[in-house]
Student: 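Attaching a single structure in C-alpha cells format; questions to follow.
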Amino acid sequence: MASPFWKRWFDDPAHRCLIPITAFAEAAGEKGHKTRTWFSLKDEPIFAWGGLWRDSDEWGKVYTGCMTNANEAIQPLHDRMPVLIAKENWQTWLTVNATDAAKFAAPFPASQIHVNATDEKCAQKHAERSR
C-alpha cells in the first residue's frame, strides 16, 4: 500500500492521519478541453481520505493521501482513487498495525459514490497559460 518512501510512516500508526474532504475531482474529456468530474460520498457532506504525515526539515509537518485502485464509479476517468475511510473506521485507521491498516486499501464501494460531471474547466499547466 505505501510507497517505499512512506512505508516507515505507514507502519507506525502515530503517523497515519485523516484528511477531511468534501469531494475530489478527476479530469474528463479531450486534451485542451478537460472538465472536472467531482466525486463525493452520498449522505456524507464531509468524509476522510486516509493519509500519512511526517516531519520534514525543509517544510515542517507534511502529509500525503494514500491511493488505491479505482472502483467502478471512478474507473472511466482514472485507474486510482483516494483511500476513503468510513466514519466508523476512523479510529481503527489511526491505531491498528500496518497489516490491518493495509486492508483499507480496497476501493470504496461505488454504490456510495456520488458522481457530478461538470462543465468546469480544469486548470491548464503554467506553460500553456503563458503562451
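What's counted below: heavy atoms across the whole structure, side chains too, no hydrogens, waters or symmetry copies. Residue numbers start at 1 and run along the sequence shown. Since this is a predicted model, take the numbers as computed values, not measurements.
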Student: Taking side chain as C-beta onward, heavy atoms only, is W49 less than 4.5 Å from M67?
Tutor: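 They are in side-chain contact.
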Student: Suppose we screen for ring pair (Phe, Tyr, Trp, His ring centres under 6.0 Å). Which residues come up paired with W53, at least two apart in sequence or across chains?
Tutor: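 W53 satisfies ring pair (Phe, Tyr, Trp, His ring centres under 6.0 Å) with H15 only.
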Student: When you measure from the side chain of T35 to the backbone of T118, do you find a donor-acceptor pair of N or O atoms at a distance under 3.5 Å?
Tutor: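 Yes, because the side chain of T35 sits within donor-acceptor range (under 3.5 Å) of the backbone of T118.
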Student: Can F10 and T64 be said to form a side-chain contact (heavy atoms from CB on, under 4.5 Å), step by step?
Tutor: CA-CA 11 Å; F10 179 79; T64 187; over 6 Å; no
Student: Looking only at non-hydrogen atoms, find the nearest pair between P109 and I113 and report the distance.
Tutor: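 Looks like O-CG1, 3.6 Å.
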Student: Is T92 close to F104 at the side-chain level, that is, under 4.5 Å between some pair of heavy atoms?
Tutor: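 Yes. Closest side-chain heavy atoms under 4.5 Å.
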Student: Heavy-atom count check: over 12 atoms from other residues, nucleotides or ligands less than 6.0 Å from Y63 OH?
Tutor: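 Counting neighbours around OH of Y63, 12 or fewer heavy atoms of other residues, nucleotides or ligands fall under 6.0 Å, so no.
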Student: Which distance, rounded to the nearest 0.5 Å, do you find between the NE2 of H33 and the NZ of K121?
Tutor: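 Separation between the atoms: 7.5 Å.
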Student: Do you know which two heavy atoms are closest between A73 and A110, and how far apart they sit?
Tutor: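 Minimum heavy-atom contact is N-CB, 3.8 Å.
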Student: Can you name the salt bridge (Lys or Arg N to Asp or Glu O under 4.0 Å) partners of K42, sequence neighbours left out?
Tutor: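 With sequence neighbours excluded, K42 shows a salt bridge (Lys or Arg N to Asp or Glu O under 4.0 Å) to no residue whatsoever.
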Student: Is there side-chain contact between N69 and D79, with at least one heavy-atom pair below 4.5 Å?
Tutor: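 N69 does not reach D79 side chain to side chain.
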Student: Go through the structure and list residues passing salt bridge (Lys or Arg N to Asp or Glu O under 4.0 Å) with E72, not counting sequence neighbours.
Tutor: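 With sequence neighbours excluded, E72 shows a salt bridge (Lys or Arg N to Asp or Glu O under 4.0 Å) to no residue whatsoever.
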Student: Carefully, step by step, assess W38 and E120 under the rule side-chain hydrogen bond (donor to acceptor under 3.5 Å, both in side chains).
Tutor: CA-CA 10 Å; W38 290 95; E120 181 182 344; 3.2 Å; yes
Student: If you define the side chain from C-beta out and look only at heavy atoms, does anything of F47 sit under 4.5 Å from I19?
Tutor: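 No - every pair of side-chain heavy atoms lies 4.5 Å or more apart.
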Student: Can you find a heavy atom in the side chain of L18 that is under 4.5 Å from one in the side chain of L94?
Tutor: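 Answer yes - side chains close enough.
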Student: Indicate if V115 and L77 have the same hydrophobic cluster label, given that clusters are the connected sets of ILVMFWY residues with side-chain heavy-atom separations under 4.5 angstrom.
Tutor: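 Per the 4.5 Å side-chain linkage, V115 and L77 are co-clustered.
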Student: Taking N71 for its side chain and F108 for its backbone only, find out whether a donor-acceptor pair lies under 3.5 Å.
Tutor: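 Yes; at least one donor-acceptor contact below 3.5 Å.
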Student: Once salt bridge (Lys or Arg N to Asp or Glu O under 4.0 Å) is applied, do any residues pair with K87, and if so which ones, sequence neighbours excluded?
Tutor: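 K87 satisfies salt bridge (Lys or Arg N to Asp or Glu O under 4.0 Å) with E44 only.
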Student: Quick check on E30: does its CD atom have over 12 non-hydrogen neighbours (other residues, nucleotides or ligands) under 6.0 Å away?
Tutor: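 At most 12 heavy atoms, drawn from other residues, nucleotides or ligands, come within 6.0 Å of this atom.
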Student: Could you check if a side-chain atom of N116 sits within less than 4.5 angstrom of a side-chain atom of F39, using non-hydrogen atoms only?
Tutor: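 Side chain of N116 against side chain of F39, heavy atoms only: no contact under 4.5 Å found.
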Student: Looking at residues at least two apart in the chain, or sitting in another chain, which of them share a side-chain contact (heavy atoms from CB on, under 4.5 Å) with N97?
Tutor: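 N97 satisfies side-chain contact (heavy atoms from CB on, under 4.5 Å) with T99, D100 only.
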Student: Could you grab the distance from atom CH2 of W90 to atom OG1 of T95, nearest 0.5 Å is fine?
Tutor: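 The OG1 atom of T95 is 14.5 Å from CH2 of W90, to the nearest 0.5 Å.
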Student: For the hydrophobic clusters of this structure (ILVMFWY residues joined by side-chain heavy atoms under 4.5 Å, transitively), does one cluster hold both L52 and V62?
Tutor: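 Yes, L52 and V62 fall within the same hydrophobic cluster.
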Student: List the residues meeting side-chain contact (heavy atoms from CB on, under 4.5 Å) with A27, not counting sequence neighbours, and say none if there are none.
Tutor: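 side-chain contact (heavy atoms from CB on, under 4.5 Å) check on A27 returns K34, C122.
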Student: Do L41 and D43 make a side-chain contact, defined as non-hydrogen atoms from C-beta onward lying under 4.5 Å apart?
Tutor: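 L41 vs D43: side chains apart.
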Student: Taking it one step at a time, do W93 and C66 satisfy side-chain contact (heavy atoms from CB on, under 4.5 Å)?
Tutor: CA-CA 12 Å; W93 168 257; C66 299; 4.2 Å; yes
Student: Restricting to non-hydrogen atoms, name the atom on R16 and the atom on V96 that form the minimum distance, rounded to 0.1 Å.
Tutor: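 Where R16 meets V96 most closely, the heavy atoms are NH1-O, 2.7 Å.
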Student: Just verifying a value: how many Å separate T68 OG1 and R80 CZ, rounded to the nearest 0.5 Å?
Tutor: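 Going from OG1 on T68 over to CZ on R80, the span is 8.0 Å.
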